Amino acid sequence: VRKRCSMYKERRRAPAVSTGKSQLAFPDNYIVVDVETTGLYPDRDRLIEIGAEKVVQGEVVDTFSSLLQPKAHFTGQFVSPFITRLTGITNAMLQEAPAAQDVLGQFTQFVGDGLLLGYNVGFDAQFLAARSQALLGTPILNDYVDILIYAQTLHPEEQGHRLADMVRLYGLTNENAHRALSDVDATRLVYGRLRAEALAKFGTEEAFFKEVCRAGYHAEEEQLSLW
């Protein structure tokens, strides 16, 4: 699968933190993942929530959801007012949250060596790798499938390609946007729509992935606009 688009791999910018490899695939078995953070930079910001769904043959068989207590800022606060407005996660909630090290250990067991899938999931993978390395001594380096580039390829006419844009486009709902497990559930549903649309339009996976490579979209280019 990784050989499908050598051009895509060569042109992608190197991530700020080493992660698993990005794959072009339409898997049936995968783990949808989403994280909420204190900011955009894995070397200095922290995880505050992880959500995941384990999917086998298209069916959700297990879920993972937890807040994580990050290191407090020098002001004594865990998150900024902006992050609270964006996610609904408050300092009071994080005061009662389990230690980040414990949650990451549990999450590592949950995912095992499974293939991750997400929306702009390279961002999530960088945070998971950086924080697991810092707190556990071993980075999470699972390979992953980023469906943002599928949305960009299938819908170049759209002005934005945020998860919220695809939820709207496909007539779905995400009642608690920017909360990890709600975003995970929305991502899984969007993935199903994207996969079905890609196969209906291009006929085969290979034909669609050739178009992804030809279009040359980069998930990282829209990262900041996803907030």
Side-chain angles (χ1 to χ4, degrees), residues 1-2 4-5 7-13 15 19-37 40 51-53 55 58 60 86-87 115-128 142-227:
V1 170
R2 289 193 293 272
R4 284 174 167 157
C5 188
M7 179 185 71
Y8 165 73
K9 294 198 302 179
E10 290 167 3
R11 293 178 60 187
R12 289 178 66 248
R13 293 198 296 267
T19 65
K21 293 181 175 63
S22 176
Q23 296 192 8
L24 291 177
F26 282 137
D28 294 313
N29 303 325
Y30 52 91
I31 299 164
V32 191
V33 64
D34 182 77
V35 304
E36 303 302 330
T37 68
L40 291 170
E53 290 178 343
V55 178
V60 178
L86 179 72
T87 66
L115 178 66
L116 306 182
L117 182 145
Y119 208 91
N120 195 33
V121 73
F123 173 85
D124 307 75
Q126 288 185 37
F127 265 91
L128 289 168
N142 298 54
D143 288 352
Y144 57 87
V145 173
D146 192 344
I147 67 170
L148 168 57
I149 58 172
Y150 300 170
Q152 292 170 323
T153 302
L154 285 168
H155 294 286
E157 77 286 354
E158 291 292 315
Q159 292 186 348
H161 297 91
R162 299 170 302 165
L163 177 60
D165 296 320
M166 293 301 105
V167 166
R168 171 191 51 77
L169 181 70
Y170 289 121
L172 304 171
T173 58
N174 184 3
E175 294 182 359
N176 294 295
H178 294 295
R179 290 302 303 269
L181 194 57
S182 186
D183 282 354
V184 159
D185 204 49
T187 296
R188 176 177 54 80
L189 295 174
V190 167
Y191 169 61
R193 301 300 197 280
L194 290 170
R195 180 177 182 176
E197 184 176 358
L199 294 177
K201 183 174 181 179
F202 290 91
T204 67
E205 293 183 12
E206 292 296 334
F208 174 64
F209 294 136
K210 285 181 181 178
E211 178 61 17
V212 173
C213 298
R214 188 203 65 77
Y217 286 107
H218 302 283
E220 296 92 337
E221 291 176 358
E222 292 201 44
Q223 176 170 308
L224 295 180
S225 71
L226 299 178
W227 279 57

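Computed from a prediction, not measured in an experiment: that's the story for all the values here.
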Query - Check: D146 and N120 side chains under 4.5 Å, non-hydrogen atoms - result: yes
Query raised in the report: Minimum heavy-atom separation for L86 to H178, with atom names?
Result: O-CB, 3.3 Å
Query raised in the report: Between P27 and L117, what is the shortest heavy-atom contact and its length?
Result: CG-CD1, 4.0 Å
Query raised in the report: Are N176 and L181 close enough that some pair of their side-chain heavy atoms sits under 4.5 Å apart?
Result: no
Requested in this report: Determine whether L115 and N29 make a side-chain contact, defined as any pair of heavy atoms from C-beta on separated by less than 4.5 Å.
Outcome: no
**Report entry** Qualifying salt bridge (Lys or Arg N to Asp or Glu O under 4.0 Å) pairs with a residue from residues 190-203, counting only residues at least two apart or across chains
**Finding:** D28-R195
Report task. Give, for atom CD of E53 and atom CD1 of I31, the distance between the pair rounded to the nearest 0.5 Å. Result -> 11.0 Å
Query raised in the report: Any side-chain heavy atom of D165 sitting closer than 4.5 Å to one from Q159?
Result: no
Report task. Determine the minimum heavy-atom distance between E158 and H161, stating which atoms define it. Result -> O-CE1, 3.3 Å
Query - Full working for side chain to side chain contact (heavy atoms under 4.5 Å, CB included) between T19 and Y144 - result: CA-CA 9 Å; T19 65; Y144 57 87; 3.6 Å; yes
Query - Least distance between heavy atoms, A180 atom then G51 atom - result: CB-N, 3.4 Å
Report task. Nearest 0.5 Å please: distance from the CG atom of L154 over to the CD1 atom of I149. Result -> 10.5 Å
Requested in this report: Measure across E205 and L199 and return the closest heavy-atom pair with its distance rounded to 0.1 Å.
Outcome: N-CD2, 3.7 Å
Query raised in the report: Does the side chain of L24 reach to within under 4.5 Å of the side chain of Y150, using non-hydrogen atoms?
Result: yes
Query raised in the report: How many angstroms lie between CG in L163 and OG1 in T187, if you round to the nearest 0.5 Å?
Result: 4.5 Å
Report task. Quick one: pull up CG in L148 and OH in Y119 and give me the separation to the nearest 0.5 Å. Result -> 5.0 Å
Report task. Report yes if the side chains of Y191 and F26 come closer than 4.5 Å at any heavy-atom pair, otherwise no. Result -> yes
**Report entry** Inter-residue atom distance T153.OG1 - F202.CZ, 0.5 Å rounding
**Finding:** 7.5 Å
Query - Parallel, tilted or perpendicular, as decided by the 30° and 60° cut-offs, for the rings of H155 and Y170 - result: perpendicular
Query raised in the report: How would you list, by chain and number, every residue that makes a side chain to side chain donor-acceptor pair (under 3.5 Å) with D34, sequence neighbours excluded?
Result: none
Query raised in the report: Any side-chain heavy atom of F123 sitting closer than 4.5 Å to one from T37?
Result: yes
Query raised in the report: Does D143 reach the main-chain N or O of K21 with its side chain, forming a donor-acceptor pair under 3.5 Å?
Result: yes
Query - Distance in Å, N174 CG paired with M166 CE, rounded so as to fall on 0.5 Å steps - result: 13.5 Å
